[in-house]
Amino acid sequence: MKIELIVNGKQQELDSAPGETLLHLLRRIGYKGVKKGCESGDCGACAVLLDDRVVNSCLVLAAKADGHRVTTVEGLAGQDKTGELHPVQEAFLEHGAVQCGYCSPGMIIAAVDLLAHNPNPSDQEIKEGISGNLCRCTGYVKQIEAIRIAAEKMRKSADV
Amino acid sequence: MCEQRKQEFTIVGRSERKVDGIALVTGKPKFVADIDLSNMLYVKILHSPYAHARITEINTSRAEALPGVMCVLCSKNTPSTRYTTAGQGYPEPSPYDTRMFDTKVRFVGDRVAAVAAETEEIALQALKEIEVHYEELSPVLSVDAATALEAPIIHDEKDATGIFDPVRNISAKIDINVGDVKQGFAESDSTVETTCETQYAQHTPIEPHVVLSYLDEDGRLVLRTSTQVPFHTRRIVSYVLGIPLHRIRVIKPRIGGAFGTKQEILLEDLAGLVTLRTGRPALIEFTRQEEFVSARTRHPMRIRVKLGAKKNGILHAIEMEALSNTGAYGAHSLTVLSNVGSKTLPIYNKARNVRFSGKAVYTNLPVAGAYRGYGAPQGYYPLEVAMDELAGKLGLDPIELRRRNHIRCGESSPIFEEIGEGREGVAQTINSCELERCLEIGARRIGWAKKRGLRTRNGPWIHGLGMSIHMQGSGIAQVDMGAATIKMNEDGSFNLLVGATDLGTGSDTILGQIAAEVLGVPLSKVIVYSSDTDFTPFDVGAYASSTTYVSGTAVKRAAEEVRGQIVGVAAAMLESGMTNLTIKDEQVISIDGRSVTLAEVCQRAMYQVDQFQIGATESCVQDQSPPPFMSSFAEVAVDTETGVVKIVDYVAVVDCGTVINPKMAQGQIEGALANGIGYALTEVMLFSSTGRVQNATLFDYKILGALDIPPIDITLLDSYEPTGPMGAKSVAEIGINAPIPTIANAIYDAVGVRLTKTPFTPERVLSAIRSHSV
Amino acid sequence: MALSNLKEYVRPDELDVALSLVKERGTSARVIGGGIDLVRSSSPDIETLVDLSHLSLSYVRQTDKGVAIGATTTLTEILEAPALENYLQGVVVEMLHQVGAPPLRNLASMGGTLASAHPWSDVITLFLALGAQVTLYNGVTRMVPLSDLYASRALLSPAIITEALLPAYAKGTAAAFMKFSRTKFDIAILNCACLISTQNGDCKGVRLTAGGTPQLATLLPAAAEVLLGRRLNQTSIGQAAGIARETTLVRDDLRASGNYRRELVYAGVKRCLTCVSRQLSGVSQ
Ligand SMILES: Cc1cc2nc3c(=O)[nH]c(=O)nc-3n(C[C@H](O)[C@H](O)[C@H](O)COP(=O)(O)OP(=O)(O)OC[C@H]3O[C@@H](n4cnc5c(N)ncnc54)[C@H](O)[C@@H]3O)c2cc1C
Ligand code: FES
Ligand code: FES
């Protein structure tokens, strides 16, 4: 079947078998930043934004996403055309929140959703925001810190 | 006390950003499965449904006939060479008890056959078309069943080698005696004895095992694989498939976590053979389910520890006896077992009488292998619980008991020499040890003096404090070898090529920092590349906490050699003596203030005068394995109505020598602690009565998420290991040793029960509380 | 391929069209809300999926009967709905914070959550205690108590859930929810909920539920009974919890033993009631 997606701002018409998941489709068309860790909703490695909300793309049929906007980690940097990293990406880098980096795309996407809806989250809210994104390397301490700092930065630049 | 040789560094000691970080946070195709090759085949594996059975017949013709199936592999058409999947130094200390496809299966999940097809769907379909007839054998599903008289023999094949006693299902055995423990206990004023048992647990890297193989333009086999051990992979695949080593190239791109499970050659042989047979690229990705069922686990163990002490609290005799379950194959069976003793017993070097003995036995359960900590977590559990008990018995504060007994700088332990990696060890003296400060700072930060023993109540919750101390090693002395190549480019940048494998640990960055420090350039001028057997020099790989200490020293040596060459060229340019020159800020500066840039130096060497490539390759094998040390403290709250254990606070103080990159070192400790807390509280593989893993999903094998992480307070002490690069030791593994005994001791402080079986599930804790108070 | 035999994915604009599709095609056609369970099931039987997202069923509305929640509303939308912020001191919001995690709650729908009837469902355990009603459409629209849906699964074959209603309660009513799990991001090894309405401080209406026992949540009538006409205090709460422990049907599964679940029923009921008692005394102050 034919489906239409706007991936990272780019309108695309794609062929997809009806049973194909969004995860499979996105990787197939080159969005390799979307990772596969379980294909059953348990790890969050495949997280993307579907119309601005974080979802596990392994649980979404591509057909369900038809006509919707999808944002992957590849679409976060340089949205303002400067090529600059998103503040969450920047903070992950600066504050040691990336070890192997396999969970990072999904976790960054989850954090972007969180901060879009809650610009000033408590630590507990940050933890809840990334609670569906498993990381085996870090112990989450640095990610929580990075998200807190990114939130601060984003609030400041919103004030300006 | 050891002398402190503080050195000033500019790049080392800074939390530099990860050199591969930008690519990772922007989702660049850095991992094995992130590249698409045309014409690629998908490989799926048929796993054994039985724990123990002989394959009497296998018919693959229907599967082969399926359109789109390119190749079906099974015992009939694959090499019968016995080997070990353990990626260790050569010759490997693990038994050669594995075949690509055997005619006997030894655990549910063992390899039976494999299909390579045009699509994943066809490959899966074809697996269903393979007819296999099994003769079921009685399965051996526990260590007790394995060691029982007349137990079924798991490895009855004639061609296996290196098994200690196949008839009695003993894969490996060890028995070490120092002094005379029997007499030692007789001479002791006080003794305690405890037996602790650990569960089947898994690494669960978020990226499961994955390999992509293809033939290059010259027909050589290329394996792009998620491995910790590219060079061992090349050697073992060459051996198993019977093809010359030089016809294989192993590329390790970015790895999505490993923790030991990728120190095994689990898929590369298979992908390689498919590619050789079909000439086409082949991809094998373990599903999460397969990862649980067929990849590796931590050796479950039952360990008895007996301690004898004099009235003054000084340990006089220690006995440790371990029974390890290696599962169906003996990967790492001897070496993990050895480490149970060798990474724990030296910490209490006052004891003059020590016995360490143990067996690793086969069962028809999933295969155990290397896992962060490598036997030490299992060993520290009974040892540190017994120390807690002993302190109670002697009426000493547990910290004081450790203070009287722990190893110190300038001291040694006979264990270093007695136990090595599958052979005798190497004697060594401790050159750096900050355990005293670790204890003091940790006690202060957790509030030990104020809070311990109070049993503060808050509704059904009772609080308690526990602690333990730990050490690990830094590489394997006189075994682990790492090498590094540095070459200079004419813009003053450098390529650093290392065989050391960054698995997400950040080692590329750390090695880059070491090189940049020596070469007087910012980290951005060092382009780090790991690892590719065609281009990078040999390294045993990332295990045994060897990278910073061993590979880091190789990097430092190579950088020093290159620095010498640079200064030589600059001396000619500046017409100055070499000793009058220093390198700083990308310039070579002479005493009188004249300078040339590094770029100019390299341009001259490359294009102008006495031309040569500025560059060097250096290697390192260390004569010792200096242990990092740590103290670990936890405050827990135990819910006496439900048995839930909540960690209120966790404090760790670590002596890992010079900290090359503080954020990354903290990250290593935090990650290891989180993994260890999960191991202590929630993680456990469950088996059916036929040996099948019942919870082979992340839905039911529970690793910690962000909401489960307690406040973790880490202090990295500045210490200095004179034999390490810039004074560094290792940091990657030690943290995982700590949570089990620390939490067990804290639970005891809170509710007075000793938990001797992991994980400390609420159900287990509640039942212990109930049977204690009755 | 998640659903290997899926042939058709339709998004009708009218409820009748959706219904006739599932009626005509029997079990090969399913309605899809978030699709979480459908995708995870990888069921080869499914050939047609009927997406309800174009039926204007995403809403959370305050009505005079209570709070109405449309079937395609996601759990996140429910969690963020102003109408539920203060409903029974925010008990629904508090429960939803404990369901899965954001990337799941942004998909899971009200209808799919109630229809899938996972035995460990946190939503169902609380909604049963709250006396939720569901609106079903099978050509005619009718509203039934949620408990009826589980008493007779025939109600759903074929029918589409269009709405859930959480009844309005007068002052002097309070509710609580408790979940026990292995980690925080986990399904319940046991959950409980309660709803208490009082008159002059005495319990007038009591609904207690326990779920994940490991069966689907049920009411605990015997434990509720002892509270009727009494005040909530340590004694009455202890008695009710004790009866709940004795009378709740529990079983072993790989997550916990039946015996352990019994202890959790006790602790859960006790804690829910204690929480409610605190809320009620707070209100009366
Ligand atoms: C990793 C994970 C963790 C989870 N954790 C929790 C947890 O902590 N607590 C908890 O309570 N739940 C939890 N869940 C369960 C989750 O909430 C359910 O899977 C989800 O609510 C299903 O909703 P859905 O809309 O996606 O259902 P769908 O998959 O869309 O549908 C499920 C079923 O309901 C039918 N259906 C859907 N909509 C309707 C309708 N309007 N009328 C009639 N039938 C309909 C479908 O045909 C299908 O048979 C978890 C799930 C996962 C995967
Ligand atoms: S791959 Fe989608 S949640 Fe794990
Ligand atoms: S950084 Fe490796 S899984 Fe998170």
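- Comparing B:Ile712, B:Thr697, B:Ile22, B:Thr505 by heavy-atom pairs within less than 4.5 Å of chain A, the highest count is held by B:Ile22.
- Neither the backbone nor the side chain of A:Ile126 comes within contact range of chain B, judged by heavy atoms closer than 4.5 Å.
- Annotation: side chain to side chain donor-acceptor pair (under 3.5 Å) contacts involving residues 90-109 of chain A, sequence neighbours excluded, comprise A:Glu90-B:Arg17, A:Glu94-B:Arg17, A:Gln99-B:Gln668.
- For B:Thr204, the side chain to side chain donor-acceptor pair (under 3.5 Å) criterion is met by A:Arg136, not counting sequence neighbours.
- Other residues, nucleotides and ligands contribute more than 12 heavy atoms inside 6.0 Å of the CZ atom of A:Arg148.
- In this structure the side chain of A:Lys142 never reaches within 4.5 angstrom of the side chain of B:Met664, judged on heavy atoms.
- Taking each heavy atom of A:Gly37 and B:Pro208 in turn, the nearest pair found is O-CG, 4.2 Å.
- Under a cut-off of 6.0 angstrom, the local environment of CZ in B:Phe286 is crowded, with over 12 non-hydrogen atoms contributed by other residues, nucleotides or ligands.
- Judged as a side chain to side chain donor-acceptor pair (under 3.5 Å), and not counting sequence neighbours, B:Asn695 has no contacts.
- For A:Glu39, no part lies near chain B; criterion is any non-hydrogen pair under 4.5 Å.
- The contact between A:Glu145 and chain B is made entirely by side chain atoms (from C-beta outward), counting heavy-atom distances below 4.5 Å.
- Contact count against chain A (heavy-atom pairs under 4.5 Å) is highest for B:Arg288 among B:Arg288, B:Gln289, B:Glu16, B:Arg372.
- Checked for salt-bridge contact, A:Lys35 and B:Glu207 miss the test: no charged N lies under 4.0 Å from a carboxylate O.
- A:Leu93 touches chain B through backbone and side chain together, each having a heavy atom under 4.5 Å away.
- In plain terms, the two heavy atoms of A:Leu134 and B:Leu704 that are nearest each other are CD2-O, 4.0 Å.
- With rounding to the nearest 0.5 Å, the separation of CZ in A:Phe92 from CG in B:Leu24 is 12.0 Å.
- For the pair A:Gln124 and B:Leu707, the minimum side-chain heavy-atom distance is below 4.5 Å.
- In this structure the side chain of B:Thr26 reaches within 4.5 angstrom of the side chain of A:Gln89, judged on heavy atoms.
- Applying a 4.5 Å heavy-atom cutoff, the residues of residues 32-39 of chain B that approach chain A are B:Ala33, B:Asp34, B:Asp36.
- For the pair B:Val25/A:Val98, a side-chain contact is recorded, criterion being any heavy-atom separation below 4.5 Å from C-beta on.
- Using a 4.5 Å cut-off between heavy atoms, B:Ile255 contacts chain A through its backbone alone, with no side-chain atom that close.
- Rounding to the nearest 0.5 Å places SG of A:Cys38 at 11.0 Å from CZ of B:Phe699.
- Across every non-hydrogen atom of B:Leu503 and A:Cys100, the tightest pair is O-CB, 3.5 Å.
- The greatest number of non-hydrogen atom pairs below 4.5 Å with chain B, out of A:Arg28, A:Lys36, A:Gln143, A:Met107, is found for A:Lys36.
- For a residue to count as touching a neighbouring chain, one of its non-hydrogen atoms must lie under 4.5 Å from one of that chain's; by this rule B:Ile669 does not touch chain A.
- Residue with the most contacts toward chain A among B:Ala674, B:Gly671, B:Ala706, B:Ala672: B:Ala706 (heavy-atom pairs, distance under 4.5 Å).
- Summarising the geometry of B:Leu698 relative to A:Cys43, their closest heavy-atom pair is CD1-CB, 4.1 Å, with the distance given to 0.1 Å.
- Taking B:Gln666, B:Arg254, B:Glu291 one by one and counting their heavy-atom pairs under 4.5 Å with chain A, the maximum is reached by B:Gln666.
- Looking at B:Ile709, both its backbone and its side chain come within 4.5 Å of chain A, counting heavy atoms on both sides.
- If you measure heavy-atom distances from A:Ser40 to chain B, you find no contacts under 4.5 Å at all.
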